[in-house]
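Numbered from 1 within each chain, the chains take letters A, B, ... in sequence-line order. All values below were derived from every heavy atom in this structure, side-chain atoms included, with hydrogens, water molecules and symmetry-related copies excluded.
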Amino acid sequence: MPELPEVQTVIDGLNQKIINQTISKIKVLRKGITNCSLLPIVGEKFLKLDRRGKYIIFHLSSELVMIGHLKMTGKFIVTSKYAKYHRHDRVIFFLGDQSKLIFNDIRCFGRLELIDSAELLEKFKNMGPEPWDSKYNPLYLKKKLENRRIPIKTLLLDQNLVAGIGNIYASEILFEAGIHPEKPGYLIMASEFKQIIKSTRKILKQALKYNGTTISDFRRVDEKTGEFQNFLKVYGRQGLACRICGEKIQKLRQNQRSTFLCPSCQN
DNA sequence: AGCGGAACCTGTCGGC
DNA sequence: TGCCGACAGGTTCCGC
């Protein structure tokens with residue numbers, strides 16, 4: 001479900017609801033979600049939230065940091081402590097103000113991990129720059145892509161290249177950039193590096209503005225959907241007319257994942 | 001090192 | 001109606 005815009009939307013929602021709240025009790029309803037017991041953070045407060053790529057970083061009033069990843073179907077929902085449980089609720093944090101923070105995840109791929117704050121740098125040391133970081137620049141892309149034989153679409157999904165892009169936005173970014181998703185890294189030209197960076201920022205910024213994309217599972221912290229699905233130009237539109245040229249949108253399989261493109265606008 | 005495929009889980013949808 | 005396979009926003013591990 002969640003790529004950078006969805007994760008940021010969740011963080012924005014959580015910022016309004018859990019900051020300065022004390023954790024009074026934690027219920028873990030499913031094993032395998034956490035790397036260790038969450039008991040050490042009972043009694044602590046949520047002080048501040050950060051995002052790195054698709055990870056949510058919960059800074060607490062202690063040396064410990066909780067790191068969350070939603071993977072495909074994870075959700076954070078804040079409701080009244082009296083709201084009934086849902087089928088896929090996995091971890092519940094009871095908060096001081098009579099609300100509860102629920103980690104709900106249909107497929108159980110998502111994770112909540114406690115680490116020492118001193119380990120944060122180490123945790124993300126291999127992750128690529130954020131899309132708005134000046135380190136994400138044409139020279140950087142040239143260095144990282146010039147010897148790669150695999151398709152640019154697959155490369156954009158590599159979190160060690162650039163952080164936060166997933167399967168929906170990879171297709172949308174390459175459509176915006178006018179580049180064919182099967183073009184291998186080493187054949188990308190200098191002008192196209194610039195275009196990829198520009199398109200990455202433009203698409204992600206638009207998606208952020210509309211609170212992310214809801215295809216099926218993604219929900220905001222208040223359970224509303226995102227709205228960017230209404231603005232997708234290729235993802236999920238196979239067989240429909242390209243909004244620019246009228247050509248039929250195609251669907252491909254790359255590395256066991258769907259890719260969408262306009263064969264006439266992208267080459 | 002780079003690359004492809006399987007695995008991790010659960011649910012839904014389409015075809016027969 | 002029912003069964004079966006394919007597919008779903010992600011990441012990691014394994015083997016070549």
Side-chain angles (χ1 to χ4, degrees), chain A residues 1-11 29-35 51-56 67-76 86-91 103-113 123-128 131 143-174 181-187 200 203-204 206-208 210-221 224-232 234-239 251-260:
Chain A
M1 117 193 182
E3 306 178 38
L4 186 154
E6 291 74 35
V7 174
Q8 187 61 50
T9 297
V10 168
I11 289 175
L29 304 173
R30 167 98 175 207
K31 291 208 166 195
I33 304 284
T34 58
N35 67 326
R51 182 186 57 70
R52 181 74 174 96
K54 302 172 192 172
Y55 289 86
I56 302 173
I67 299 183
H69 199 301
L70 306 171
K71 293 286 179 82
M72 299 284 263
T73 52
K75 297 182 240 318
F76 281 109
H86 291 274
R87 182 165 177 197
H88 306 294
D89 291 350
R90 306 304 184 192
V91 181
F103 180 66
N104 175 290
D105 186 6
I106 295 172
R107 293 174 71 180
C108 296
F109 286 174
R111 290 289 176 271
L112 298 179
E113 184 182 356
K123 169 87 184 163
F124 297 115
K125 71 173 195 296
N126 291 327
M127 187 173 280
K143 275 189 193 156
K144 296 288 274 189
L145 302 187
E146 63 188 356
N147 292 319
R148 306 298 301 274
R149 320 288 301 178
I150 60 176
I152 184 63
K153 189 297 189 143
T154 306
L155 289 163
L156 285 180
L157 294 179
D158 180 355
Q159 302 302 295
N160 295 334
L161 177 72
V162 56
I165 298 174
N167 205 42
I168 295 178
Y169 299 114
S171 282
E172 294 296 315
I173 287 165
L174 289 173
E182 289 178 308
K183 194 166 194 171
Y186 74 100
L187 289 183
T200 301
I203 294 291
L204 295 180
Q206 285 177 354
L208 277 166
Y210 290 101
N211 300 302
T213 301
T214 296
I215 301 295
S216 58
D217 294 307
F218 172 65
R219 291 296 181 279
R220 292 150 69 177
V221 171
K224 290 179 183 162
T225 63
E227 300 92 41
F228 193 67
Q229 60 277 15
N230 301 316
F231 301 90
L232 295 172
V234 287
Y235 188 89
R237 300 190 77 248
Q238 69 275 23
K251 178 176 176 174
L252 308 172
R253 245 10 233 173
Q254 293 179 291
N255 274 60
Q256 321 170 78
R257 313 206 67 190
S258 296
T259 300
F260 302 86

Does either side chain, that of A/Y169 or that of A/T213, offer a donor lying less than 3.5 Å from an acceptor on the other one? yes
Nucleotide of B/dC3, B/dG4, C/dT11 approaching A/R148 most closely (side-chain heavy atoms): B/dC3
If the P atom of B/dC9 is compared with that of C/dC13, how far apart are they to the nearest Å? 14 Å
Paired with B/dC9: which nucleotide, if any, by Watson-Crick or G-U wobble criteria at under 3.5 Å for both distances? none
Rounded distance (Å) that lies between atom P of B/dC3 and atom CG of A/N147: 9 Å
Quick one about A/Q254 and A/T154 (side-chain donor to acceptor, distance below 3.5 Å, no hydrogens or angles considered), yes or no? no
Length of the CG-P vector between A/D217 and C/dA8, whole Å: 13 Å
What is the nucleic acid contact for A/F228, judged by heavy atoms within less than 4.0 Å: base, sugar-phosphate only, or nothing? nothing
Counter-base of C/dG9, judged by Watson-Crick or G-U geometry with both distances under 3.5 Å: none
Quick one about A/D217 and A/T73 (side-chain donor to acceptor, distance below 3.5 Å, no hydrogens or angles considered), yes or no? no
Rounded off to whole Å, could you give me the CD1-to-C1' distance for the A/I33 and B/dC8 pair? 11 Å
For the residue pair A/K144 and A/N160, confirm or rule out a side-chain donor-acceptor distance under 3.5 Å. no
Check for me whether A/R149 meets the cation-pi criterion with A/Y186, that is, NZ or CZ under 6.0 Å from the six-membered ring centre and within 45 degrees of the ring axis. yes
Need to verify one output field. Residue with the more 5' nearest nucleotide on DNA chain C, A/Y55 or A/S258? A/S258
Nearest-angstrom distance, P atom, B/dA6 to C/dA6: 12 Å
For a quick check under 3.5 Å, do A/R220 and A/T225 share a side-chain donor-acceptor pair by atom type? no
Using a cut-off of strictly less than 4.0 Å, decide whether A/H88 has a side-chain nitrogen or oxygen near OP1 or OP2 of B/dG11. yes
Would you indicate what A/R111 reaches in the nucleic acid, counting non-hydrogen atoms under 4.0 angstrom: base, sugar-phosphate, or nothing? nothing
Short side-chain N/O contact to C/dG10 OP1/OP2 from A/R257, under 4.0 Å: yes
Given atom CZ of A/R253 and atom C1' of C/dC7, what is their separation to the nearest angstrom? 7 Å
Picking from B/dG4, C/dG9, C/dT11, which would you name as closest to the side chain of A/N255? B/dG4
In whole Å, what separates the P atom of C/dG9 from that of B/dC3? 22 Å
OP1 or OP2 of C/dG10 under 4.0 Å from side-chain N/O of A/R107: no
Starting at atom CG of A/L70, determine the distance to atom C1' of B/dC9, rounded to an integer number of angstrom. 16 Å
Name the closest nucleotide to the A/R90 side chain, picking from B/dG11, C/dG9, B/dT10. B/dT10
Quick one: is A/R149 getting a side-chain N or O under 4.0 Å of the B/dG4 phosphate, OP1 or OP2? no
Indicate whether A/F109 forms a stack on C/dT11; treat it as stacked only if centroid distance is below 5.5 angstrom and interplanar angle below 30 degrees. no
Does A/H69 make a side-chain N or O approach to OP1 or OP2 of C/dG10 shorter than 4.0 Å? no
What is the distance from CD of A/Q8 to C1' of C/dG9, rounded to the nearest Å? 17 Å
Once you round it to whole Å, what is the distance between P of C/dT11 and CZ of A/R52? 12 Å
Does C/dG9 have its OP1 or OP2 closer than 4.0 Å to a side-chain nitrogen or oxygen of A/K71? no
When the nearest nucleotide of DNA chain B is assigned to A/Q256 and to A/R30 on a heavy-atom basis, which residue is associated with the more 5' position? A/Q256
Salt bridge check: are A/E6 and A/K54 linked by an N-O gap of less than 4.0 Å? no
Rounded interatomic separation in angstrom, taking CG from A/N160 and C1' from B/dC3: 14 Å
Nearest to the side chain of A/I150, heavy atoms from C-beta on, is which of C/dG10, B/dC3, B/dT10? B/dC3
